[in-house]
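In this text, all values refer to a predicted model and were calculated from it rather than measured experimentally. Every chain is numbered from 1, with letters handed out A, B, ... down the list of sequences.
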There are 2 protein chains.
Amino acid sequence: MPRALSPAQVEDFRERLCAAAEHLFAEHGPEAVTMRQLAAELGVSPMTPYRYFKDKDDILAAVRAAGFGRFAQAMEAAFHGEPDPVKRSEAVGRAYARFALEQPDAYRLMFDLSQPNEADYPELVAASSRARDMLIGQAKGMVDAGQIEGDPVLIAHMLWAALHGGLVLQLAGKLGPSIDPSALRRNTFQAILKGLAKG
Amino acid sequence: MPRALSPAQVEDFRERLCAAAEHLFAEHGPEAVTMRQLAAELGVSPMTPYRYFKDKDDILAAVRAAGFGRFAQAMEAAFHGEPDPVKRSEAVGRAYARFALEQPDAYRLMFDLSQPNEADYPELVAASSRARDMLIGQAKGMVDAGQIEGDPVLIAHMLWAALHGGLVLQLAGKLGPSIDPSALRRNTFQAILKGLAKG
DNA sequence: CACCTATATTTTACGTCGTAAACTTATATC
DNA sequence: GATATAAGTTTACGACGTAAAATATAGGTG
């Protein structure tokens, strides 16, 4: 075939494979999806994906990084769509929860414990940091607006931990039967802000 | 061999296999551990474990249930070791965090998303509920003591979500480099309690 | 004691997996 | 048009989970 593949063609193949992988990973879990299935999905032979990805873990890392990209994007959109710093924090929080609940499998993949060592995939580390920086910037805005006091980085992590914790317990089916997950999130968010209020 | 295996012998084999499985799952992740390895660890042939467990998922469920058992036990010990309701809440919280950090692999296994459907394993559901009820009882104590107000079930879940969220982010390596995980837990806990304080 | 039967355990076997290596195919250059 | 080179396929290997068949061992019975 041609002497070389254009970078655009390479990127195209990678993206098509990631799209297929995301669907299948979501439906059956990454372990249950085989390289042979992924290849068949693109209509190529089982070994062809190995030209574009090192191995299966490499595909998983790419899918996770893409998830973090969309995740950060969703929160950034909420951030820029709301000028008031207080409403803004709620908007970003809602965007966070909406992403986790509308794309639970992506969220699962992104934050699942016991994934292959993510330090081996710089692209994944970068995408993940982008999402975290988004949350920190958001907390900075709240502190600057004078509503609450404290270290914005710490505050961002407090709100993040509370939000994330509620969401993963919900996704793992661990919440008690009488608990309304969205009320849980709202109450926790408000309690923390009240606890951090100035004075 | 004998006409039948005594229940005690069956239980003994199951426990020995779970102990070996817990170690190996912890070190390499459940997917990386093979039935052949587990059998070899007990010095039996690869098919022998199938007499005592339905399949590999059944072993995983048993290991997870055992983890929840020890988890609830650790918190119950902290609870009964401290009569004052306020200090008690901190003691239980510390016991929770200590368990997660000292037995991170057990904790990972217990709360990991994308595990096989846990509803298929009643023993696992029961063990998991026991841990949750422990946390709810603890919150009830705080409300009854008059320090805070609100629905104890909701409050238990708020504190649980915040604690769990901070711990899984820590275990997943997602916390920012400047964050002290234990300070994060303390601050979040206190902010929520302050936010829920009466008046 | 010898023998039979029921069951604990092992052996064998099958289909599937991830992927290494060899092979095939098709152009871009000379 | 021959050739080098890279894209894609085929073949092959060792390991996996586990079903089925084979084996071995302990009673109960004559």
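Considering only side-chain atoms of Y52(A), the nucleotide from dG8(D), dA8(C), dT10(C) that sits closest is dG8(D).
Between the R132(B) side chain and the K174(A) main chain, a donor and an acceptor come within less than 3.5 Å of each other.
Atom CZ in R36(A) sits roughly 8 Å away from atom C1' in dT19(C) (whole-Å rounding). For K54(B) and dT18(D), the NZ to P distance is 8 Å, given to the nearest whole Å. Straight-line distance from the NZ atom of K56(B) to the P atom of dA19(D): 15 Å, rounded to whole Å. Between M35(B) atom CE and dG17(D) atom P there is a gap of 7 Å when expressed in whole angstrom units. Per the geometry, CE belonging to M47(B) stands 10 Å off P belonging to dA20(D), to the nearest Å. Straight-line distance from the OH atom of Y50(A) to the C1' atom of dT11(D): 15 Å, rounded to whole Å. We find that CG of L42(B) is positioned 15 Å from C1' of dT10(C), with the value rounded to whole Å. The distance between atom CD of E31(B) and atom C1' of dA15(D), rounded to the nearest whole Å, is 15 Å.
OP1 or OP2 of dC17(C) sits under 4.0 Å from a side-chain N or O of T34(A). Residue T48(A) places at least one side-chain N or O under 4.0 Å from the OP1 or OP2 atom of dT9(D).
Aromatic ring orientation, F111(A) versus Y107(A): tilted (interplanar angle from 30° to 60°).
The residues R94(B) and E82(B) are annotated as not salt-bridged, no charged nitrogen and carboxylate oxygen being separated by less than 4.0 angstrom.
Within 4.0 Å of V33(B), counting heavy atoms only, lie sugar-phosphate atoms of the nucleic acid but no base atom.
Looking only at atom types and distance, the side chain of R186(A) has a donor-acceptor partner in the side chain of S182(A) under 3.5 Å away.
Counting atom types as modelled, R51(A) pairs no side-chain N or O with a base atom of dT9(D) as donor and acceptor under 3.5 Å.
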